[in-house]
Structures are given as structure tokens and as C-alpha cells.
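Counting convention: from 1, in listed order, for ligands and their atoms alike.
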Amino acid sequence: MTDTNTFDVVVLGSGAAALAAAATAAGHGAARVGLFEKADVVGGTSAMSGGMIWIPLNHHMEAAGEPDDRDAVLTYLESLSHGMILPELAEAYVDTGPEMLRWFEDNTPVVFDIVESFPDYHPEHPGGSTTGGRSLECPLFDFNELGEWRDRVSRSRQMPAHVLMNETSLGRGGTATISADLMAERAAANLRGCGQALVGRLLRACLDLGVEIHTGHRAVHLETSANAVTGVRFDSADGKVTVNASAVILATGGFEWNREMVRDFIRGPLERTVAIETNTGDGLKMAMRAGASIGNMQEAWWVPIMDVPDESGDMFSWLVNRERVRPHSIMVNRAGRRFANEAANYNAFGAAFHELDPTSFTYKNLPAFLIMDRQYMSKGGIYTYRGEGPTPDWLHSADTLGELAEKIGVDARGLVESVNRWNAQVADLDDPDFGRGRSINDTHWGDGSRTRSATLGTLEEGPYYAVQVRPGALGTKGGPRTDGHARVLDLDGDVIPGLYAAGNVMASAMGMTYGGAGGTLGPGMVFGYAAGRHAAAVLTD
Ligand SMILES: Cc1cc2nc3c(=O)[nH]c(=O)nc-3n(C[C@H](O)[C@H](O)[C@H](O)COP(=O)(O)OP(=O)(O)OC[C@H]3O[C@@H](n4cnc5c(N)ncnc54)[C@H](O)[C@@H]3O)c2cc1C
């Protein structure tokens with residue numbers, strides 16, 4: 001800590017929402033901005049992510065000759081809302097996003113490219129984009145530019161560090177390939193992509209703008225005076241520390257690692273999360289104590305997850321995204337029956353795990369299993385297994401579907417019937433049962449061929465394989481309600497002076513929806529920007 005404990009703006013957390021808020025506040029005239037992170041590293045889940053941001057109406061689309069349309073975007077969000085997206089927040093998001101993007105690109109190293117031809121997650125909904133343009137990512141970033149901070153950024157076990165999304169099969173039509181030599185060169189040069197590039201660049205922006213960054217500071221309490229927030233109390237290795245601030249921006253992520261909060265608020269089973277383990281709902285508690293109104297509490301950024309071992313044998317959570325979309329695979333419940341379009345976007349798929357059977361009063365589709373055959377294994381396999389050598393412990397295999405069903409406790413007759421039915425449908429390249437392969441979303445996430453066969457393929461060659469797939473989340477998305485400036489509102493809908501929220505800690509402007517690739521980091525940065533801009537404006541008024 002520096003000599004005095006008084007800041008203009010204090011930001012809590014260090015993911016993309018926090019870093020965007022801090023850089024914006026400092027860049028808009030706040031003289032002293034402090035960013036306080038509970039963990040010993042910065043970056044939160046954001047640095048462990050794909051790093052894409054979903055910003056409709058962005059100027060890159062215009063430059064590419066394919067400008068977006070405001071009404072279309074709002075229509076799209078409304079079509080996904082089910083009454084949970086507040087129109088004023090949707091409008092604030094859509095209108096502030098382009099400004100946020102321009103400001104960062106004009107004033108900081110935080111620049112973006114379109115992730116080419118990445119369709120929205122519900123591309124056929126009214127206003128949805130089938131051709132992409134709304135999803136953006138940062139170019140590779142040289143981590144040496146971070147100086148002493150280069151080794152103090154959180155890392156993912158799933159996302160490759162030295163790759164761009166545009167170089168995976170999810171970008172540029174899936175044509176790009178990266179040679180092992182090029183990967184080695186990038187690793188040696190410390191050039192990083194995806195969430196590392198996003199956070200690296202945001203962190204560089206904060207350092208350039210003089211933001212003071214403190215790790216190992218867990219915010220535990222908001223100081224208030226006459227209802228206004230005036231500071232924060234932290235637990236740190238040096239004991240309790242209190243700082244004063246004209247504005248406090250909560251950006252402490254979700255409550256996904258707080259089992260009690262998950263039990264009390266979330267709409268159905270949430271068995272796994274890939275978020276950083278320090279996201280335990282501290283910001284939510286602080287906001288509630290300060291009198292905030294809370295919303296969207298039942299929701300999360302859903303994603304199917306399986307358990308796999310790391311190099312040392314410890315199990316960790318692995319996102320099951322392309323794995324359940326590729327051909328020669330289906331997902332079944334304990335009755336051995338398919339229950340949803342396996343290729344649907346991961347957030348929407350979460351709902352399928354939460355279907356309760358009123359007669360048996362059990363979750364109908366839990367446990368769920370991904371079933372694959374030899375063809376699947378020979379065309380890429382799953383996690384580290386390609387069908388060669390003994391089947392690893394985390395995966396089940398058997399020569400016949402009947403034996404496989406017995407091993408995993410699934411109804412054998414149901415499984416055999418489901419596979420037969422699937423094979424018959426797939427012969428006609430269609431899935432009348434659940435519509436798999438009919439959406440551009442489904443074929444985009446498949447095997448790269450971008451036709452219906454990118455996701456539709458028979459299961460007919462043993463051995464057969466199964467892995468349990470669990471209801472998981474990238475993070476929760478409920479918390480303090482805000483206005484379009486990210487100001488936290490109290491129980492009467494009035495602003496709590498001095499308090500802002502952005503990112504997964506806030507009641508998401510997206511309701512239960514995930515609009516497209518970057519649908520969580522996009523709003524996180526936009527409301528972080530809105531908070532920083534407003535907090536600085538109040539100071540300089
Ligand atoms: C593998 C993977 C890929 C993903 N890809 C994408 C993608 O491409 N696009 C997208 O939009 N989303 C993606 N996501 C989801 C996205 O990463 C998260 O939704 C997003 O990072 C949340 O950002 P945040 O700033 O709100 O929180 P975080 O980035 O999680 O940051 C919260 C920070 O707050 C800190 N904190 C918590 N409590 C306190 C406290 N009391 N005091 C101080 N600090 C505290 C935490 O330690 C943490 O560092 C992905 C996630 C994963 C895991």
C-alpha cells in the first residue's frame with residue numbers, strides 16, 4: 001500500500017470487468033485508482049477464457065462492409081429474453097459497447113479483430129447473425145510487456161495459451177493450422193492469445209494509466225456514510241486494511257464456488273464450474289449488506305462439463321463443447337434416451353439438465369452420458385484419448401452398447417433403441433427428434449466441415465465409449481441490480497451513491513441468455529467501462 005489510503009476510485013477484482021473499469025476511470029480523469037484482488041494473481045476467470053467479447057454494432061463490422069443494425073440486435077435479445085432482460089439494460093449495453101470498444105482501441109493497447117464467421121449462438125432467431133462479426137478477440141500479446149506482472153496472471157488448464165480463436169476451427173472457417181514450430185516460437189517469445197491476450201492488454205492499459213494494483217487483498221466490507229459507499233475494508237496478509245474512496249466498483253465475479261449460495265439461489269443442479277476458485281460471492285454479500293436490490297440470481301452461464309485428470313492425476317473440469325457436437329456421438333440420460341439437441345449452444349443446453357420429472361420427482365436427464373464409437377475416437381478422440389491403448393479410468397468402454405449400458409448404469413434397451421433410431425435418422429442427414437444440425441450454430445461447432453455431417457454421424461463401430469457429462473457453469477450471473485451506468489440500485493430502485501457493479505457479480509443484462517461468443521466478457525467490459533466512465537465523471541463534475 002502507498003502512503004495514504006484514500007483513492008478516487010477503488011475497483012474490486014481483476015478480471016476483464018475490473019480491469020476495464022479501472023482503466024476507464026483512470027483514462028477519464030480519476031486521479032487515483034486502486035485495483036484490489038483477493039488472489040495472488042490477477043486476471044480472474046477472464047485470463048483463463050477464450051477472451052472473446054460479443055459487441056454488436058462494433059466499428060470493425062462497418063469497416064468490413066457489413067454494418068450491424070441496432071434494431072436487429074435489440075430484437076434478437078428480446079427474442080431470447082423470456083421476460084428476463086430489462087430493455088433499458090439491453091439498450092445501455094448495445095449503445096455503450098461500440099463506444100467502449102473505440103475508447104480502448106484509441107487510447108490503450110486493448111485492440112480487437114473480428115473472430116471471422118463466428119455466428120451468434122441462436123443465429124436463426126430474429127436479428128441473429130448467421131455470418132458473424134459481433135464476436136471479437138485481441139491479437140496475440142507479448143507478455144514480456146507486462147514486466148514484473150508477466151508471471152502473475154491466472155492460467156487455464158483447458159485454453160491453449162499461444163493460439164488465437166481465429167486459428168482454431170471456430171474462426172476463419174476452421175482453415176487455419178498452427179505448426180508445432182510456430183507454437184514453440186510463440187511460447188519462447190511469450191506471445192499469448194485468447195483470454196491471456198485480453199487480460200494482458202487490459203493489464204498493460206491499467207499500468208500505463210497509473211492504476212495501483214494490489215493482490216492478496218480480499219474485500220470484505222463496504223464502508224458507508226448516510227447510505228453512500230465511502231470505502232472498503234480488506235483482509236490481507238498485513239491484517240485488516242481500510243481504504244476510503246469516492247466510488248467503489250464491484251467486479252468480484254460470481255458466487256459459483258460458494259456452495260451455500262449456489263444451493264440457495266441457483267435454479268437447478270450446478271455440479272461443476274471452471275471459474276477461478278476465489279469467486280465465492282464476496283461482492284454479492286457486500287452489496288446485500290449495503291442494501292442492494294438483487295436480481296437474476298437463479299441464472300448462470302451454463303456449460304456441460306466432464307471430469308478429466310491433469311498430468312499429475314488430479315481431476316479437473318473440462319468444458320464439453322465441441323466434444324458433444326462432433327459426429328458419431330449422442331448424449332443420453334439414465335433411460336438411455338436422447339433428451340436434447342446435443343449441438344445446441346452450451347448455455348442453452350444447461351436447461352436440459354434441469355428438467356424435473358413430476359412423477360418420479362427426479363431430474364430426468366441426470367446423470368447424463370456422452371456416447372461415442374470407434375469412428376469418433378479415430379477422428380480426433382476426446383481429451384487426450386484417441387482410441388489407442390487401454391481406455392483411461394475417466395472413460396468407459398465396451399465392445400457392445402449393451403455392455404456399455406451395464407457399465408454406466410443406463411437402461412440397455414433404451415440405449416440400443418436410441419442408437420438405432422439415431423443411425424436411421426443420420427442416414428437422411430437430419431434429426432427430426434431434436435433438430436440437431438439444422439442450425440448454423442450446430443454445424444459451426446462440429447468437425448470443421450460446416451455441413452450437416454459436421455455434427456450428424458452414425459454410432460455403429462465398436463468399441464463404444466461413454467463419459468459422464470455434468471451440469472456446470474462458466475460462472476453465475478446474478479447479483480446487485482444496476483442502471484445503465486452500472487450504478488447499484490437499492491430495494492426501492494434508487495442509486496446507492498458511490499457503488500457500481502460490473503461483470504458476473506452484477507445482475508446480468510443478459511437474463512438467462514448467451515447471445516454469442518463473448519457473451520459474458522462483452523457485457524463485463526461494457527458495464528465495467530460504463531462504471532469507470534461514470535465514476536470519473538462524478539469526480540470531475
Ligand atoms: C475456458 C473458459 C473459456 C471462456 N471463454 C469465454 C469467451 O471466450 N468469452 C466470454 O465472454 N466468456 C468466456 N468465458 C467466461 C468468462 O471467462 C467469465 O464469465 C468472465 O471472465 C467473468 O469476468 P469477471 O470479470 O466478472 O470475473 P473474473 O474474471 O472471474 O474475475 C473476478 C475476480 O474477482 C476476484 N475476487 C473475488 N472476490 C474478491 C474479493 N472479495 N476482493 C477482491 N477480489 C475478489 C477473483 O479472485 C477474480 O480474480 C470462459 C470461461 C472459461 C473458464
Give the numbers and elements of all ligand 1 atoms closer than 4.0 Å to a heavy atom of [X].
X: T278; result: 37 (C), 38 (N), 46 (C), 47 (O)
X: R218; result: 41 (N), 42 (N)
X: G519; result: 11 (O)
X: M48; result: 1 (C), 2 (C)
X: V274; result: 53 (C)
X: G43; result: 29 (O)
X: F36; result: 43 (C), 44 (N)
X: G503; result: 26 (O)

So, [X] versus [Y]: side-chain donor-acceptor pair below 3.5 Å or not?
X: S14; Y: E37; value: yes
X: H354; Y: Q298; value: no
X: R450; Y: S117; value: no

| request: Calculate, to the nearest 0.5 Å, the distance between atoms CE and CG belonging to M506 and L89 respectively. | output: 5.5 Å

| Chi angles and distances behind the side-chain contact (heavy atoms from CB on, under 4.5 Å) call for I55, M525 | CA-CA 10 Å; I55 305 292; M525 280 192 69; 5.8 Å; no

Using only atom types and a distance under 3.5 Å, with no angle test, would you say the side chain of [X] pairs donor to acceptor with the backbone of [Y]?
X: R32; Y: A245; answer: no
X: E271; Y: P471; answer: no
X: N166; Y: E116; answer: yes
X: E323; Y: N321; answer: yes

Taking [atom] as the reference point, the nearest protein heavy atom with its distance:
atom: atom 25 (O) of ligand 1; result: A17 N, 3.3 Å
atom: atom 28 (P) of ligand 1; result: T45 N, 3.5 Å
atom: atom 27 (O) of ligand 1; result: G253 CA, 3.7 Å
atom: atom 26 (O) of ligand 1; result: N504 N, 2.8 Å
atom: atom 9 (N) of ligand 1; result: M52 O, 2.9 Å
atom: atom 17 (O) of ligand 1; result: S49 CB, 3.2 Å
atom: atom 11 (O) of ligand 1; result: L521 N, 2.6 Å
atom: atom 44 (N) of ligand 1; result: K38 N, 3.1 Å

| task | Using a strict 4.0 Å threshold on nitrogen-to-oxygen distance, state whether R201 and E145 make a salt bridge. | result | no

| is_close_aromatic(F112, H60), centroid dist under 6.0 Å |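 No.
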
From [options] - option closest to [atom] by heavy atom:
atom: atom 16 (C) of ligand 1; options: L19, T520, L12, T252; result: T520
atom: atom 46 (C) of ligand 1; options: V11, N279, L202; result: N279
atom: atom 41 (N) of ligand 1; options: D282, L250, I276; result: D282
atom: atom 23 (O) of ligand 1; options: A275, G15, G44, S46; result: S46

| task | Decide side-chain contact (heavy atoms from CB on, under 4.5 Å) for M183 and V163; before the verdict, give the C-alpha distance in whole Å, the side-chain angles of both, and the deciding distance to 0.1 Å. | result | CA-CA 8 Å; M183 287 285 268; V163 168; 3.6 Å; yes

Geometric N/O contact [X] with ligand 1, under 3.5 angstrom:
X: G50; value: yes
X: A219; value: yes
X: L474; value: no
X: E37; value: yes

Relative to ligand 1, is [X] under 4.0 angstrom through side chain, backbone, both or neither, heavy atoms considered?
X: A16; answer: backbone
X: L319; answer: side chain
X: H217; answer: backbone
X: W257; answer: neither
X: A251; answer: backbone
X: M159; answer: side chain

| message | Given Y121, which partner from the list W301, W302, Y514 fulfils the ring pair (Phe, Tyr, Trp, His ring centres under 6.0 Å) test? | response |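 That would be Y514; it is the only one of W301, W302, Y514 passing the ring pair (Phe, Tyr, Trp, His ring centres under 6.0 Å) with Y121.
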
| field | L164 to L140 - nearest heavy-atom pair and separation | value | CD2-N, 3.6 Å

| Where A502 and F527 come nearest, the two heavy atoms and their spacing |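 For A502 and F527, the tightest heavy-atom pair comes out as CB-C, 3.6 Å.
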
| ligand 1 contacted by Y514 (non-hydrogen, < 4.0 Å) | yes

| For Q158, is the nearest heavy atom under 4.0 Å from an atom of ligand 1? | no

| field | Partner of R218 by side-chain hydrogen bond (donor to acceptor under 3.5 Å, both in side chains), out of T252, D235, D282 | value |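 Output: one option passes, namely D282.
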
| message | Show, in sequence, the C-alpha distance, side-chain angles and deciding distance for I382 and V320, and conclude whether the side-chain contact (heavy atoms from CB on, under 4.5 Å) test is met. | response | CA-CA 10 Å; I382 185 162; V320 185; 5.8 Å; no

| message | Applying the side chain to side chain contact (heavy atoms under 4.5 Å, CB included) criterion to R272, which one of V303, D307, L319 satisfies it? | response | D307

